[in-house]
Every structure is written in structure tokens, then in C-alpha cells.
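As the structure is a computational prediction, the values presented were derived from the model and not from experiment. Counting convention: from 1, in listed order, for ligands and their atoms alike.
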Amino acid sequence: MTARRPASPARIALRSREELAAIRAAARVVARTIAELREAVRPGIRTRDLEHLAAESFRRQGARSGTLGYFGYPGQLCISVNDEVVHGIPGERRLAEGDLVKLDVVAVKDGFYGDAAVSVPVGEVRPEVARLVRVTEEALWAGIAQARPGNHIGDIGHAIERHVAAHGLVVVRDFVGHGIGRAMHEPPQVPNFGEPGTGPLLRPGMVLAIEPQVNLGTAAVRILDDGWTAVTADGAWSAHFEHTVAITE
Ligand code: MF3
Ligand code: CO
């Protein structure tokens, strides 16, 4: 989601067992959809074709897209290619050998939301792009490792940025992860940078979507004229991974 300052002070939901199970069910829809899309990614396929597969996958699983119609967003999912960071709109573009495609999928099932994203190389990508993908996924897991009771939101972002910086790369600061559950975006914001021990305390029952975006060049992004697609300011490529994570004992 788009970062807003100051962070929302609203309360962070603590989910019951039943609610956690429902969020997990929505997140499993997302996982299956991503698995199907990953299989379909190949040179020549249009991003619109991937969107149709996603819509079909949601339908088959008794779910719907969480992005379609969100503040007017027109896609069943977000598909962002190469220098596109997030919120790319599916369309006529055909993927090409060597591209990096980011699939960001939000599903709603029985009123609960799940949200995840992966970066998928199309065929063989340049070594620096393969490394970007690896470091970004590692950064997500470094953040997830901090998502435990007693830690703070700042611990997650700190771990993410530390890992990214250690590899000479930069995190995007204009977008943040977020709480999730009854809505796609709930408090708290989950920045991909921060100071240890700062921000809201993590407690069992909280559910967070953690989603680092990492660039090969500058951290700066701009929004295209479609009003949605965020691209890097310098045209360098970007990677994105996201998981929906419950804080448990
Ligand atoms: N994973 C994205 C996010 O959390 C999905 C939202 S895209 C939108 O921001 F276009 F629907 F906003
Ligand atoms: Co998200």
C-alpha cells in the first residue's frame, strides 16, 4: 500500500482462532493462484492472459479478487514488469525472455483477505537480476523472522533493510506492508525500514502483510499516467515478495 505519514493510530485487530483460520483460507487461495500463474509465465504470454487465469482460479476456489475495484483499480491482480515496482495493470503487454514479472495477488474469501507477491524470472534473466530476486526474497524472510510476540514493527523493517543494504541494494520507501484481515489494508503500516524496538508492539493474533520492494538503482519511484503503475525513477529493475503472516505464540 502507499505509505502515508503519520502512521495511522487506529487499533490493530487481534484475531481469534476462527478468524485466523479464515484468513489462512484466503491466503491459501492466493498461494494456489500464484502457483498456477507461475506455471503459466513464459515468453509470449500477455499479462491479460495471466489475469484471466487468476480470475478463473479465484472463481474455482470460491473467492474473488481483492484488488479489482479497490479505489477503482481495474485489475484482478497487479502485474508489474522489470522497472515497474508495484500496481502494474494487466493488459496487452507480452512477456519476453529475460523479463522479471512481479505477480501480486489479493483474494477475498468469506469476507477475509489474503495477500502475497512473488517475482518470477521469464526464462533466463541477467545475473544481477537473479541476485536482486534472491536478495529480495531473503529480505522478506529476514522480516518474517522478526514477526513474533514481544518484537516491534520497527524490528521487521530494520531486518529487511539491513539485509538489502548488506547486498548493496535499496528498499523502496514509498510503499509499506500492512495489517490485513477484514480489509486488504488495516493498521499497522509495516515499513521496509526502521529502528529496532520502535513502532507498535507485536502480539499474538495480529496478521501482517510484509512486502519488501527492492531496486537495483535508486529507491525513488514515480507513478505512470494510468494513475497506478509505480516505476523506478531511473528505469532500473525492481523485485517484490510478499507474504501474509500471523503472529502466534
Ligand atoms: N499487495 C498490494 C498492496 O498491498 C495490493 C494492492 S494493489 C491495489 O498494496 F491496486 F489494489 F491497490
Ligand atoms: Co500487500
Side-chain angles (χ1 to χ4, degrees), residues 1-5 7-8 10 12-13 23-24 26-31 33-34 37-38 47-48 50-51 54-55 57-58 63-81 84-91 101-109 112-120 136-137 139-141 143-144 147 153 156-157 160 171-193 206-214 221-231 238-247:
M1 68 182 285
T2 307
R4 287 177 227 282
R5 296 177 191 82
S8 164
I12 302 170
I23 295 169
R24 172 178 284 145
R28 293 185 78 91
V29 171
V30 170
T33 301
I34 285 177
L37 294 175
R38 199 191 268 287
T47 55
R48 169 154 295 160
L50 295 172
E51 182 184 32
S57 181
F58 294 147
R64 65 172 173 87
S65 165
T67 62
L68 186 66
Y70 182 82
F71 288 99
Y73 180 79
Q76 295 274 350
L77 76 165
C78 300
I79 305 182
S80 309
V81 184
E84 297 171 355
V85 178
V86 288
H87 304 167
I89 300 168
V101 62
K102 281 81 70 172
L103 308 169
D104 189 350
V105 175
V106 182
V108 193
K109 188 176 168 68
F112 289 88
Y113 284 72
D115 184 0
V118 294
S119 297
V120 183
T136 307
E137 187 166 20
L140 170 60
W141 285 106
I144 290 173
I153 287 290
I156 296 173
I160 289 170
V171 299
V172 174
R173 303 173 85 93
D174 297 59
F175 301 101
V176 291
H178 47 94
I180 184 168
R182 292 275 188 186
M184 172 164 61
H185 294 147
E186 298 183 358
Q189 295 192 1
V190 186
N192 295 304
F193 55 90
M206 291 179 177
V207 181
L208 305 175
I210 303 174
E211 52 174 320
Q213 299 118 26
V214 177
V221 303
R222 65 187 176 87
I223 308 297
L224 296 186
D225 286 342
D226 63 20
W228 284 102
T229 311
V231 299
S238 185
H240 180 204
F241 283 88
E242 177 174 21
H243 265 309
T244 294
V245 178
I247 312 295

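- Considering both main-chain and side-chain atoms, Tyr70 never comes within under 3.5 Å of ligand 1 through any nitrogen or oxygen pair.
- Those atoms of ligand 1 that come under 4.0 Å of a heavy atom in Asp115, given as number and element, are 1 (N), 4 (O).
- At a 4.0 Å cut-off, not a single heavy atom of Phe175 sits close enough to ligand 1 to count as contact.
- Remark: of the listed residues Ile153, Ile180, Thr244, Ile153 is the sole one forming a side-chain contact (heavy atoms from CB on, under 4.5 Å) with Leu208.
- When only interatomic distances are considered, the shortest N/O to N/O separation between Thr67 and ligand 1 does not fall below 3.5 Å.
- For Asp104, every heavy-atom contact with ligand 1 shorter than 4.0 Å involves the side chain, none the backbone.
- Close contacts between ligand 1 and His87 involve ligand atoms 7 (S), 9 (O) [criterion: under 4.0 Å to a heavy atom].
- Contact atoms of ligand 1 toward Trp228: 10 (F), 12 (F) (distance under 4.0 Å to a heavy atom of the residue).
- Between the side chains of His178 and Glu211, at least one donor N or O lies within less than 3.5 Å of an accepting N or O.
- The N/O atoms of Met184, backbone and side chain alike, include none that comes under 3.5 Å of an N/O atom in ligand 1.
- Between OE2 of Glu242 and NE2 of His178, the angle at the Co ion (ligand 2) works out to 110°, rounded to 10 degrees.
- Tyr70 places no side-chain N or O within donor-acceptor distance of the main-chain N or O of Pro74, the cut-off being under 3.5 Å.
- Only one option out of Val190, Leu140, Ile210 pairs with Ile160 in a side-chain contact (heavy atoms from CB on, under 4.5 Å); it is Ile210.
- With Glu51 contributing its side chain and Gln76 its backbone, the two residues share a donor-acceptor pair below 3.5 Å.
- Annotation for ligand 1: atoms under 4.0 Å from non-hydrogen atoms of Cys78 are 7 (S), 10 (F).
- Checked against the Co ion (ligand 2), the N, O or S atom of Asp115 at the shortest distance is OD2.
- For ligand 1 and His178, the ligand atoms under 4.0 Å from any heavy atom of the residue are 4 (O).
- Ligand 1 has an N or O atom lying under 3.5 Å from an N or O atom of Glu242, backbone or side chain.
- The closest approach of Glu211 to the Co ion (ligand 2), by N/O/S atoms, is made by OE2.
- Polar contact check, His240 against ligand 1: no nitrogen or oxygen pair lies under 3.5 Å apart.
- A centroid separation of 6.0 Å or more is found between the aromatic rings of His185 and Tyr113.
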